[in-house]
Number of protein chains: 4
Amino acid sequence: MAQTIRNKVFNALEISYSKRKGLSFAVNITLSILIFFNSIAIILSTVPTFSASYHHLFVEFELLSVSIFTVEYLLRIWSYVENRQHSHPIKGRLSYFFSFWGLVDLLAIAPFYFTMFTADFGFIRILRLLRILRLFRMSRYFHAFRVINNVLRSKREELILSFSFIFFLMIISSSLMYFIEHESQPKVFTSIPAALWWGVNTMTTVGYGDIYPVTKLGKVLGAFIAIAGISLFAMPAGILASGFSEHIKGSKNKDGKIKCPYCESEYYISESRKH
Amino acid sequence: MAQTIRNKVFNALEISYSKRKGLSFAVNITLSILIFFNSIAIILSTVPTFSASYHHLFVEFELLSVSIFTVEYLLRIWSYVENRQHSHPIKGRLSYFFSFWGLVDLLAIAPFYFTMFTADFGFIRILRLLRILRLFRMSRYFHAFRVINNVLRSKREELILSFSFIFFLMIISSSLMYFIEHESQPKVFTSIPAALWWGVNTMTTVGYGDIYPVTKLGKVLGAFIAIAGISLFAMPAGILASGFSEHIKGSKNKDGKIKCPYCESEYYISESRKH
Amino acid sequence: MAQTIRNKVFNALEISYSKRKGLSFAVNITLSILIFFNSIAIILSTVPTFSASYHHLFVEFELLSVSIFTVEYLLRIWSYVENRQHSHPIKGRLSYFFSFWGLVDLLAIAPFYFTMFTADFGFIRILRLLRILRLFRMSRYFHAFRVINNVLRSKREELILSFSFIFFLMIISSSLMYFIEHESQPKVFTSIPAALWWGVNTMTTVGYGDIYPVTKLGKVLGAFIAIAGISLFAMPAGILASGFSEHIKGSKNKDGKIKCPYCESEYYISESRKH
Amino acid sequence: MAQTIRNKVFNALEISYSKRKGLSFAVNITLSILIFFNSIAIILSTVPTFSASYHHLFVEFELLSVSIFTVEYLLRIWSYVENRQHSHPIKGRLSYFFSFWGLVDLLAIAPFYFTMFTADFGFIRILRLLRILRLFRMSRYFHAFRVINNVLRSKREELILSFSFIFFLMIISSSLMYFIEHESQPKVFTSIPAALWWGVNTMTTVGYGDIYPVTKLGKVLGAFIAIAGISLFAMPAGILASGFSEHIKGSKNKDGKIKCPYCESEYYISESRKH
């Protein structure tokens, strides 16, 4: 009997992909909205004027959120054994406890309880940082993240290749720039790691303007690095764009029909394979 | 009899796509040119030297423009019932009045009449802002906007996907940066919304230089965000570029002939579908 | 007899695409190299230390260059009537005189003669600017320029479309930014044209840091414009990239064989058209 | 007998692509890791706090690294004659000595021995710069570099074309900007080479903010250059991205099977050629 309720709780908390309506969908949407407003609250609570005016509201919303998240966390722990692969009452629950999302769920509520028993405000400041992790929980409900994940996996090889090359060139050029500029600007190009900050800013073309070469040789090298950087950084960008585009095209044609993006003609995979 | 004139007025004001010449084309081109010079006038009137030297010219051109736009607006209201779907004398005209372009047309002329009856100059300043909306009217005559609109619609799914991911990463990284940099630069990284300004500037690689990390940890995070940003922002960019390219290719082959952009071979859709 | 020499001179000055060796090739390469070193000389002559140390060398090289370019110009005028379409002794020569490259050739040597008869040094400064046009002459010998020209022509429609949209959005956003920021920064956002400088810097993501919003509303608008800009500017970029890529592919397969860039399979156009 | 050992040493030092396991793989991985940590050591040794705290550690690691690299270098010289094309005892070894990697290997260890016999610290500073070349050695073990190399070679024509155009436009625009801005900012736009630094910073959209136009004409030109730059720089970027993508696709289908990236249908090259 209790198992039936537990099973219902488990199914309600899990994300069901098949049906868009029902209890599971309602529960997950409600939790998503709560997490969304929680994120907004964390962001707004750092604005001094808001924080002062609506102090009570923030505290109460915090209390409400943590209560709901705590109940949700306990229900998850309790119902997790409904998962066939983790049916053992202790082992199964521990496997949730130490899973990635289990830890995120815990870290999203733990800081609140910690700050209740301690008066060390510096410690609280660090723990409040963990509350941002609640934002990550939203990703569980986002379709986009699964897509990004698939694209990153399918283009893994190309991305590692291009980033390793960018990384290598960045180290070489930043080291050279350090040796060139260190004498002229000892307080700006203090070390190679400091020069790496220049390297990233230049190759990504951010260019804040806090660090840049002033010597002639440094400017010549800097010009080449900027030109190389813009070309090289376009590689992972182009790879991601094409992977993204391929994914969308692939997922639209799951009925066996294939539509050439250029010819606009549709045909079946099986047929074309015989062909 | 009046209905015939009204019909002619309606057709003259409407954009006819079929024929390039005729009254409708002449009227719409004239209005486009007037709107174009109006836009130029609004822009130049903000330049102090121009504004002082040609004050009378600006006032007179304003008077002329508003007169023409008012006549056009009244004619549109009067003739709108020629539209078969909106033939009711009151309902039809109200449906124009509250349509998007009806409101834009009204807002383009309303500020002028408002400023005639009020001496509150602060109020005028805000209303003059609405005059910029006249520029939007130009879009009615721009082919480009229909194309952009089509591309945005066909690639909606991919764009929402990529922007939601960018948005999410921006919030996470800006929040982290706030917690890292707040202590070192309390007057720069005042709150998470302020850190979001940094996030946008870094991920879009604008990098004005008004806000950037100074701590070591902040620089390390900033470097990763800049690298991630340049890769992620290329996704919607690449999606738009491909959508744009596909649209042009598609619209060029409306005669049933299809030309593969790579093979350069032409064939008919019907044939290839049988195939 | 004179006509034979004139014909030889004409052919020597013209760029012959068919044969890589011969008099025409030698003459044009020599002139290209001279123009190249002239360009270097113009660039270096603006560096004070170089200019002072090698003043005589610069003057002598200038004298030599202008002499050769003058002789070349006169020979071009004299021999231009060998061109069948411009065989009339006066009309033909005038048609060269007023052609684009004829005027560039003239403007490349005219400033030198002007500065000989005038002592107005401010006037010289402006005329020396024209010497840079000599650099443009190099383009006559560059294959790249024909390619760029072809790509720009084949993608004209798409490029105009995307740039007109960018241009429109830039005006709208800069106007809005002017009204938002003018009160807070009256000396920075002085007028809409000044705000357009911000618009260009933001949408191209250059971000020098000389002009940026400081108000909250301005920062929100600025963030959206930066995000829109990076997406929109990628459109002409992507269009150019694809046009460029298509051109190279097309020019490689002039023997009738077509190679699909993806399938890597070669076939003939005629065959595939029957297909 | 000695030859057998020499052969074994030669094979151990060479990178064998066929088998992933064995002595050669172990030796090369060990050397790669040593070079990696050497690079880290060079980078960290420039940080004053690290350098002071762990001075002894850096010196000892330097001693160990140089010892191993010296032994490796001598073994390479000794065993290089096992290479069939360079079997001559003196000529073969000299051909390694003067090969690119031979010189890199030498320059990676030479500075250490030079600094032992000289007290000229300024000289040491310059020689230490050569130690960064050790980083380049890592590339010997990186698959990415071969890929990049292949892509650069296959897209050579397009890349030269686009970069020559960018280079040309950069010179023209920077020269114009010098003549426009020199009078207003004589200390910033000192010469055309200085203006080229502006040109690179603008066209790559880095925009540090150390040099930018202030005159109206300069800003108008600067705006056009920024817009042109962002479009033009996307060309080599797009070319590299497509070349990269084509390479990966090509290398995945070496078994004769071809998979269309859009149709997802597989077929054989030979078949499709008959077709």
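First the proteins, then the strands, lettered A, B, ... as listed; each starts at 1.
Note that CD1 of B:Ile230 and CD1 of C:Ile230 are 7.0 Å apart. Values are rounded to the nearest 0.5 Å.
Taking the side chain as every heavy atom from C-beta outward, C:Pro193 and B:Thr46 approach each other to under 4.5 Å.
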Quick one: do B:Phe163 and C:Ile227 satisfy side-chain contact (heavy atoms from CB on, under 4.5 Å)? Show the steps, please. CA-CA 10 Å; B:Phe163 273 117; C:Ile227 291 168; 3.4 Å; yes
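Applying the side chain to side chain donor-acceptor pair (under 3.5 Å) test to C:Ser99 and every residue at least two apart in sequence or in another chain returns nothing.
Within residues 196-207 of chain C, the residues having any heavy atom less than 4.5 Å from a heavy atom of chain B are, in residue-number order, C:Trp198, C:Thr202, C:Thr205, C:Val206, C:Gly207.
With a threshold of 4.5 angstrom between heavy atoms, B:Phe50 does not approach chain C through any atom at all.
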